[in-house]
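What follows is a short report on a single structure.
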Amino acid sequence: MEGYHFQVAHLKKYYESQSVYYIEIGLYETNKEEVINEFIPILETYLNETLDIHSLKTPMNQLGYTYLVLKHQSRYYIQYGINQFAKDVSA
């Protein structure tokens with residue numbers, strides 16, 4: 001992300017479930033508009049997934065960076081199964 005002028009202080013990914021995960025990011029020297037209009041679209045393009053803003057706190061002066069939590073939740077998923085029955089041998 002440094003090539004796009006974003007300096008990442010920290011990055012953490014954690015899963016809530018199989019289809020839901022969060023990305024926690026700290027960004028130096030940025031503002032809310034840059035995060036929403038530039039950073040998130042770049043990250044979504046790179047991951048090829050849609051991310052929702054779960055939390056955005058800027059600026060966090062005591063820490064020196066913007067704190068951002070993004071959430072990815074699968075909109076649709078397919079669940080399938082296979083079932084087999086044995087032929088009744090008594091018939």
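This one's a predicted model, so the numbers in the text were calculated from it and none came from an experiment. Quick note: numbers below take in every heavy atom, side chains included, and nothing from hydrogens, waters or symmetry partners.
The heavy-atom pair separating Q73 from V20 by the smallest distance is CG-CG2, 3.6 Å.
The side chain to side chain contact (heavy atoms under 4.5 Å, CB included) check on T45 picks up nothing, with sequence neighbours excluded. A search for ring pair (Phe, Tyr, Trp, His ring centres under 6.0 Å) contacts involving Y46 returns nothing, not counting sequence neighbours. Remark: E33 pairs with N31, N37 by the side chain to side chain contact (heavy atoms under 4.5 Å, CB included) rule, at least two apart or across chains.
Tested against L27 for a side-chain contact (heavy atoms from CB on, under 4.5 Å), the candidates Y65, Y67, F39 yield a single pass: F39.
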Return all side-chain donor-acceptor pairs below 3.5 angstrom for residues 5-14, not counting sequence neighbours, or 'none' if the list is empty.
unit_1: H10; atom_1: NE2; unit_2: E24; atom_2: OE2; d: 3.3
unit_1: K13; atom_1: NZ; unit_2: Y15; atom_2: OH; d: 3.4

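L68 contributes atom CG, which lies 8.5 Å from atom CG of L43 (distance to the nearest 0.5 angstrom). I53 contributes atom CD1, which lies 3.5 Å from atom CD1 of I40 (distance to the nearest 0.5 angstrom).
Listed by first and then second residue, the salt bridge (Lys or Arg N to Asp or Glu O under 4.0 Å) pairs that reach into residues 34-52 are D52-R75, sequence neighbours excluded.
At least one side-chain heavy atom of K32 sits less than 4.5 Å from a side-chain heavy atom of L56.
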